[in-house]
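Worth knowing before you read on, the calculation uses all heavy atoms, side chains too, and leaves out hydrogens, waters and symmetry mates. Numbered from 1 within each chain, the chains take letters A, B, ... in sequence-line order.
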Number of protein chains: 2
Amino acid sequence: MGKAQVSIRVALADDHRLLLEGLAQALNGIPDIDVIGTAVDGADLIELVAATEPDVILVDIEMPGTSGLAALAEIRNGPPAIVVTMHADQEHRSRAQAVGAVGFMSKSTPLPDLAAAIRAAAAGESLMNDDAETILAMHQDPVLSAGAAALTAREKELLGMLASGVSSTDDLANRLFISQKTVKNHLASIYEKLDITDRAQAAVEAIRLGLRRDPDD
Amino acid sequence: MGKAQVSIRVALADDHRLLLEGLAQALNGIPDIDVIGTAVDGADLIELVAATEPDVILVDIEMPGTSGLAALAEIRNGPPAIVVTMHADQEHRSRAQAVGAVGFMSKSTPLPDLAAAIRAAAAGESLMNDDAETILAMHQDPVLSAGAAALTAREKELLGMLASGVSSTDDLANRLFISQKTVKNHLASIYEKLDITDRAQAAVEAIRLGLRRDPDD
DNA sequence: TGCAGAATGGGCCGCCAGACCCATGGCGCA
DNA sequence: TGCGCCATGGGTCTGGCGGCCCATTCTGCA
């Protein structure tokens with residue numbers, strides 16, 4: 001309390017420069033936060049982190065080339081990372097968690113909440129659990145329909161493939177190592193839950209729900 | 001030059017608060033630009049503009065409820081508006097132009113370029129034409145594939161429907177007021193140009209290309 | 001003036017997608 | 001212990017999708 005307070009050193013990564021530069025200035029305007037570097041893609045971020053050793057990393061998922069998640073997976077055991085995304089749904093969240101992110105926030109979050117998250121991350125707290133849950137819930141994108149919540153893991157996986165352009169029964173079966181018949185069964189179940197009728201609509205929904213999966217899985 | 005310079009009064013609208021608040025602070029940091037108000041959806045923006053009469057409007061296309069374009073269409077004959085979007089492709093651009101926007105920029109644009117655009121807009125210049133073209137081109141999202149450029153207007157329209165979940169030949173034909181046969185012909189042409197084989201893949205590509213169209217057209 | 005391309009349309013056909021029935025094994029939970 | 005759900009798989013059938021070939025009209029450009 002009486003001690004001299006050192007600013008939290010933050011590294012920022014986002015391919016949208018307006019957000020990147022705007023957010024950097026806004027964060028610099030907060031007394032105890034200091035943006036020490038920015039990156040516009042995952043590769044940049046990896047270099048930046050290695051060069052500057054920040055206290056906290058703030059990273060967007062969607063970036064050209066090396067994505068934010070890929071960069072985090074690469075870095076690992078580095079400084080605590082908060083993932084910022086437009087798709088603040090459970091799917092992206094667990095993927096962020098899987099690569100070691102300690103925080104996960106929607107771009108719709110107000111700035112002070114992000115600042116609070118940065119302070120918590122710098123203090124070594126994880127925001128992925130319990131009470132942070134309620135704060136997060138308030139800022140999650142309101143697009144998750146009733147049916148989407150009922151999707152099973154396998155169904156989401158299948159939707160992920162569809163969203164990345166794998167559409168034929170045969171290809172889907174091969175990639176999931178199951179028979180063509182099972183693919184069709186899963187699809188039928190998906191159609192019912194999402195109230196749709198074919199793969200084209202399923203692909204649209206899958207993308208809307210953020211279930212897209214990079215083909216290199 | 002020697003005259004006292006009055007700041008340009010800017011109104012900002014974006015549903016992503018991190019971008020909104022960050023960009024607001026960043027713009028306020030520029031001497032001749034003054035952000036006089038922000039909005040998180042189209043309805044907010046309409047109120048804000050009526051109340052504050054800004055010199056320039058900066059608006060995102062994608063917002064919940066009333067979209068940025070819908071808000072601009074509502075406002076019309078108001079202050080010059082610059083549309084800022086993640087999907088900086090020709091399709092979105094012409095739609096922005098249709099509702100009277102004088103500028104159109106990707107969120108990947110560096111901040112100084114945006115500031116320049118704001119100054120130009122405040123000075124009554126239009127950035128939709130000629131030389132601004134080259135600046136814009138540099139900041140357009142780099143995802144437009146070779147084949148996508150060859151798509152005709154009708155084909156894009158059809159893709160737009162697909163991307164919003166209209167998938168059956170019958171529905172497509174009804175909405176476009178053409179025969180089912182013509183729908184299939186257009187689709188075949190699309191498949192060839194984009195090197196894909198079915199509607200599901202076409203929907204994925206359409207969304208990727210930002211051709212999605214709201215169902216209420 | 002003619003040609004290329006776009007938009008509209010037709011016919012035909014093979015095959016896959018989706019609908020509707022079912023069975024089995026595993027897993028979790030009451 | 002049994003119920004329900006999930007993932008896996010089978011069979012069948014019909015309709016629609018996509019592939020291929022074609023014609024007509026209009027526009028714009030060389």
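- Rounded to whole Å, the distance from CG on D171(B) to C1' on dC17(D) is 14 Å.
- Open room surrounds CD on E53(A); 12 or fewer heavy atoms of other groups in view lie less than 6.0 Å from it.
- Atom P of nucleotide dA17(C) and atom CG of L158(A) are separated by 12 Å, given to the nearest angstrom.
- Map D198(A) and V183(B) each onto its nearest nucleotide of DNA chain C; the residue landing nearer the 5' end is V183(B).
- In the set dG18(C), dC17(D), dG10(D), dG18(C) carries the atom at the smallest distance from any side-chain atom of R199(A).
- Taking atom CZ of F177(A) as the reference point, atom C1' of dA7(D) lies 16 Å away to the nearest angstrom.
- The side chain of S179(B) places an N or O atom within less than 4.0 Å of a non-bridging phosphate oxygen (OP1 or OP2) of dG10(C).
- In this structure, the CG atom of L172(A) is 16 Å from the C1' atom of dA7(D), given to the nearest Å.
- Taking 4.0 angstrom as the limit, H186(B) places a side-chain polar atom (N or O) nearer than this to OP1 or OP2 of dT8(C).
- For the OP1/OP2 pair of dG9(C) and a distance below 4.0 Å, the side-chain nitrogens and oxygens of T182(B) include at least one atom meeting the criterion.
- Atom C1' of nucleotide dG9(C) and atom CD of Q180(B) are separated by 13 Å, given to the nearest angstrom.
- Annotation for D195(A): atom CG does not count as buried by contact number, only 12 or fewer foreign heavy atoms lying within 6.0 Å.
- When the nearest nucleotides of DNA chain C are assigned to K184(B) and E155(B) by heavy-atom distance, the more 5′-ward of the two goes with E155(B).
- Summarising the local packing, CG of D170(B) is surrounded by more than 12 heavy atoms from other residues, nucleotides or ligands at distances under 6.0 Å.
- For I207(B) against A163(B), the heavy-atom pair with the smallest separation is CG1-CB, 3.7 Å.
- Dashed line: the shortest gap from a side-chain N or O of R154(A) to OP1 or OP2 of dC6(D) is not under 4.0 Å.
- An OP1 or OP2 oxygen of dA7(C) is reached within less than 4.0 angstrom by a side-chain nitrogen or oxygen of T152(B).
- Direction change of the helix axis from one end of the helix from dT1(C)-dA30(D) to dA30(C)-dT1(D) to the other is 50°, with five pairs defining each end axis (rounded to 10°).
- None of R199(A), E157(A), H186(A), Q180(A) except one satisfies the side chain to side chain contact (heavy atoms under 4.5 Å, CB included) rule with L172(A); the exception is R199(A).
- Nucleotide dC6(D) holds its P atom 16 Å from the CD atom of E157(A), rounded to whole Å.
- Judged by atom type and distance alone, D170(B) does not reach the base of dG16(D) through any side-chain donor-acceptor pair under 3.5 Å.
- Rounded to the nearest 0.5 angstrom, I61(B) CD1 and D14(B) CG are separated by 11.0 Å.
- Separating the CG atom of N185(A) from the P atom of dG11(D) is a distance of 13 Å, rounded to the nearest angstrom.
- Applying the 4.0 Å criterion to OP1 and OP2 of dC16(C), one finds that T169(A) has every side-chain N and O outside that range.
- Contact annotation: Y191(B) side-chain N/O to dG18(D) OP1/OP2 distance is under 4.0 Å.
- Side-chain N or O atoms of E21(B) include one that pairs as donor or acceptor with a backbone N or O of L111(A) at under 3.5 Å.
- Here T197(B) lies in heavy-atom contact (under 4.0 Å) with sugar-phosphate atoms only.
- By the side chain to side chain contact (heavy atoms under 4.5 Å, CB included) test, A188(B) is found to be paired with no residue, residues two or more places apart in sequence or in another chain being considered.
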